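Have a look at the structure below before the remarks.
Keep in mind that the numbers below use all heavy atoms, side chains included, and drop hydrogens, waters and symmetry copies. Order of the sequence lines fixes the chain letters, A, B, ..., with proteins taken first and strands second; residue numbering starts at 1 for each chain. As the structure is a prediction and not an experimental result, all values here were calculated from the model.
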Amino acid sequence: MIRSLKGTYDILPDESWRWQTLEAQLHDFMSIYGYKEIRTPAFEKTELFSRGVGEETDIVSKEMYTWLDGGKTNLTLKPELTAPVVRSYIQHNLGALSPVTKLYYMDALFRRERPQKGRQRQFHQFGVEALGTPFPEADAEVIAIAYEFMISLGITNLKLKLNSIGSGQCRTAYKDALKEYLSPHIQELSETSRLRFETNPLRILDTKIEHEIELLGKAPDILGFLTADDETHFSEVRELLDGMKIPYVLDKRMVRGLDYYTRTTFEITSSALGSQDALCGGGRYDKLVETLGGKSTPAVGFAAGVERLLIALDEIGKTEEPSKTDIYFVGLGDQARKAGIKLVHDLRKQGYKSNYDLVRRSMKAQMRESNKSGARIVLILGDQELENNQIQIKDLENSQQMTINLDELKNHLYKLEL
RNA sequence: GUGGGUGUAGCUCAGUUGGUUAGAGCACCUGGUUGUGGCCCAGGAGGCCGUGGGUUCAAUCCCCAUCACUCACCCCA
């Protein structure tokens with residue numbers, strides 16, 4: 001038997017309606033905020049990610065599905081969505097149409113990791129990017145979208161974590177200060193932390209090892225290194241969030257895994273998830289457009305994990321699947337079945353969700369099927385009714401049944417508000 | 001890449017201290033007289049007990065390997 005690959009899975013009919021619902025909610029929500037959808041290809045040149053996301057990140061260094069196309073071009077299944085969106089933004093010069101470009105997406109992405117709860121190799125994210133503005137209003141709007149969308153879905157136990165990692169100059173200064181603080185303790189650090197000490201010291205802040213956390217408690221504070229401008233920006237973001245009554249906690253140890261972030265970073269977690277508890281992560285990336293060859297364009301955005309959202313929604317109880325069918329036709333005998341097919345065809349053209357038996361089963365079986373289908377109304381047609389141009393109409397909720405003239409069927413259905 | 005757990009029916013799981021026809025619940029199918037669902041009752045279909053090897057008179061059970069799934073680490077959505 002050929003099975004789906006590790007870390008990939010099928011969304012089966014029992015599950016797919018939840019995805020459809022979520023997608024519909026997303027589209028509605030984004031139109032309220034004035035964001036437009038963008039869709040980019042499933043694969044890109046590898047260079048886009050190594051340059052955009054950062055050579056040293058885990059994503060680029062060990063998680064990408066990369067191959068040589070036609071023996072010469074290095075391609076990669078997208079492991080991340082911001083870089084492709086920015087690539088498209090530059091390529092089509094979207095910035096020329098308006099000072100601010102507000103985009104959203106929902107898409108599949110690919111990372112070669114060991115799967116676990118809330119982590120697959122092919123998974124889905126939705127997210128937004130607001131390109132073209134350096135102002136805190138944009139940070140606040142993007143954070144508000146992430147937070148309020150989850151609230152609107154009914155997810156509880158949300159925790160919004162906020163931080164600022166400053167911009168260029170102060171980051172360099174902070175890195176030095178952090179290294180200076182840590183260097184006398186370098187023997188106490190774990191192997192990975194020692195490696196990061198050389199490659200990317202900020203990531204040491206991410207550690208989950210107890211004694212390292214303790215050690216870092218006395219480390220210099222990144223907020224103390226922010227330039228005056230960075231500081232103003234950050235406090236305005238907070239002020240705007242306060243004004244919108246969006247609750248957050250400051251987490252100065254939160255450093256996002258991708259290289260392109262500047263200033264504001266944030267993350268939303270939920271205790272409904274397992275160990276992979278981040279529902280959403282994002283922040284400002286003022287240098288990325290430039291890095292990818294566009295003109296200097298400040299921007300801010302986030303991405304959220306769709307599978308994780310669905311897990312969180314599971315925890316608060318499943319919603320009912322919307323009714324599958326309204327009308328079920330039960331036919332007795334060849335003539336009636338044939339007449340029924342024409343009748344159902346007609347009803348379907350009028351938009352009624354209607355079904356009939358495709359395997360020529362007994363009446364009892366057809367009645368059972370009608371019940372299972374969730375139909376409210378059963379139409380029963382046999383030789384007797386056929387002769388008299390009549391049909392039986394049965395309400396499955398109260399078991400009331402009556403014989404009506406076929407010509408009056410539409411009126412009856414209309415009255416039932418189906 | 002590393003570690004733990006688990007592989008028996010479509011699903012959730014029993015079970016055999018190694019012994020001949022491997023079980024339950026749910027789901028599915030067919031019936032319970034003439035053309036009527038849900039509840040109930042009866043019957044039925046559906047398993048190389050993950051795969052390969054070893055021990056044994058005998059393995060679904062014990063041993064080894066392997067694969068898959070799963071959770072966790074790393075990291076992230």
Under a 4.0 Å threshold between the charged nitrogen and the carboxylate oxygen, would A/Arg39 count as salt-bridged to A/Asp107?
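No salt bridge links A/Asp107 with A/Arg39.
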So, is [X] near the phosphate of [N], with a side-chain N or O under 4.0 Å from OP1 or OP2?
X	N	answer
A/Ser275	B/C73	yes
A/Gln120	B/A77	no
A/Lys372	B/C28	yes

Test of understanding: with side chain to side chain contact (heavy atoms under 4.5 Å, CB included), list the residues that count as partners of [X], not counting sequence neighbours.
X	result
A/Glu56	A/Thr199
A/Lys159	A/Lys161, A/Val249, A/Thr269
A/Pro136	A/His233, A/Glu236, A/Val237, A/Leu240
A/Thr291	A/Lys287

May I ask you to say what [X] touches in the nucleic acid, namely base, sugar-phosphate or nothing, with a heavy-atom cut-off under 4.0 Å?
X	value
A/Gly333	nothing
A/Lys364	base
A/Arg361	sugar-phosphate
A/Glu307	nothing
A/Leu279	sugar-phosphate

Who are the side-chain hydrogen bond (donor to acceptor under 3.5 Å, both in side chains) partners of A/Ser270, not counting sequence neighbours?
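Partners of A/Ser270 by the side-chain hydrogen bond (donor to acceptor under 3.5 Å, both in side chains) criterion come out as none, since no residue qualifies.
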Close side-chain approach of A/Met30 to A/Phe149, heavy-atom, < 4.5 Å:
no
Of all pairs that satisfy salt bridge (charged side-chain N to carboxylate O under 4.0 Å, His left out), the ones with a partner from residues 340-352 of chain A, not counting sequence neighbours
A/Asp346-A/Lys410
Nearest-nucleotide 5' precedence on RNA chain B, A/Glu267 against A/Ser370
A/Ser370
Relative to the 5' end of RNA chain B, which residue comes earlier, A/Ser4 or A/Met363, by the nucleotide with the nearest heavy atom?
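On the 5' side of the pair lies A/Met363.
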Steps toward salt bridge (charged side-chain N to carboxylate O under 4.0 Å, His left out) verdict (A/Asp314, A/Arg18)
CA-CA 10 Å; A/Asp314 255 347; A/Arg18 301 183 65 209; 3.4 Å; yes
With a 3.5 Å cut-off and just heavy-atom distances, do the side chain of A/Gln366 and the base of B/U36 make a donor-acceptor pair?
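Side chain to base: no pair below 3.5 Å.
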Would you kindly check whether a donor in the side chain of A/Arg308 faces an acceptor in the base of B/C76, or vice versa, at under 3.5 angstrom?
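Pair found.
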Close approaches to RNA chain B from residues 389-398 of chain A, in residue order (heavy atom, under 4.0 Å)
A/Gln392, A/Lys394, A/Leu396
Side-chain donor-acceptor distances from residues 84-92 of chain A under 3.5 Å, at least two apart:
residue, atom, partner, partner atom, Å
A/Arg87, NE, A/Gln91, OE1, 3.2
A/Arg87, NH1, A/Glu44, OE1, 3.1
A/Arg87, NH1, A/Glu44, OE2, 2.5
A/Arg87, NH2, A/Gln91, OE1, 3.2

Taking the same atom, [atom1], in [N] and in [M], what whole-Å distance lies between them?
N	M	atom1	result
B/C61	B/G44	P	29 Å
B/C74	B/C11	C1'	34 Å
B/U8	B/G25	C1'	15 Å

Name every donor-acceptor pair, under 3.5 Å, that has one atom in a side chain of residues 110-117 of chain A and the other anywhere in the protein, sequence neighbours excluded.
residue, atom, partner, partner atom, Å
A/Arg111, NE, A/Pro79, O, 2.7
A/Arg111, NH2, A/Pro79, O, 3.0

According to ring-ring contact (aromatic ring centres under 6.0 Å, His included), who are the partners of A/Tyr285, at least two apart in sequence or on a separate chain?
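For A/Tyr285, the residues satisfying ring-ring contact (aromatic ring centres under 6.0 Å, His included) (neighbours in sequence not counted) are A/Tyr260.
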Fill in the dot-bracket string of RNA chain B, one character per base: . for unpaired, | for a pair to another strand, ( ) or [ ] for pairs within the strand, taking Watson-Crick or G-U pairs under 3.5 Å.
(((((((..((((.....[...)))).(((((.......))))).....(((((..]....))))))))))))....
Quick one: what's the B/S/- string for nucleotides 1-11 of chain B, heavy-atom cutoff under 4.0 Å, read 5' to 3'?
BBB--------
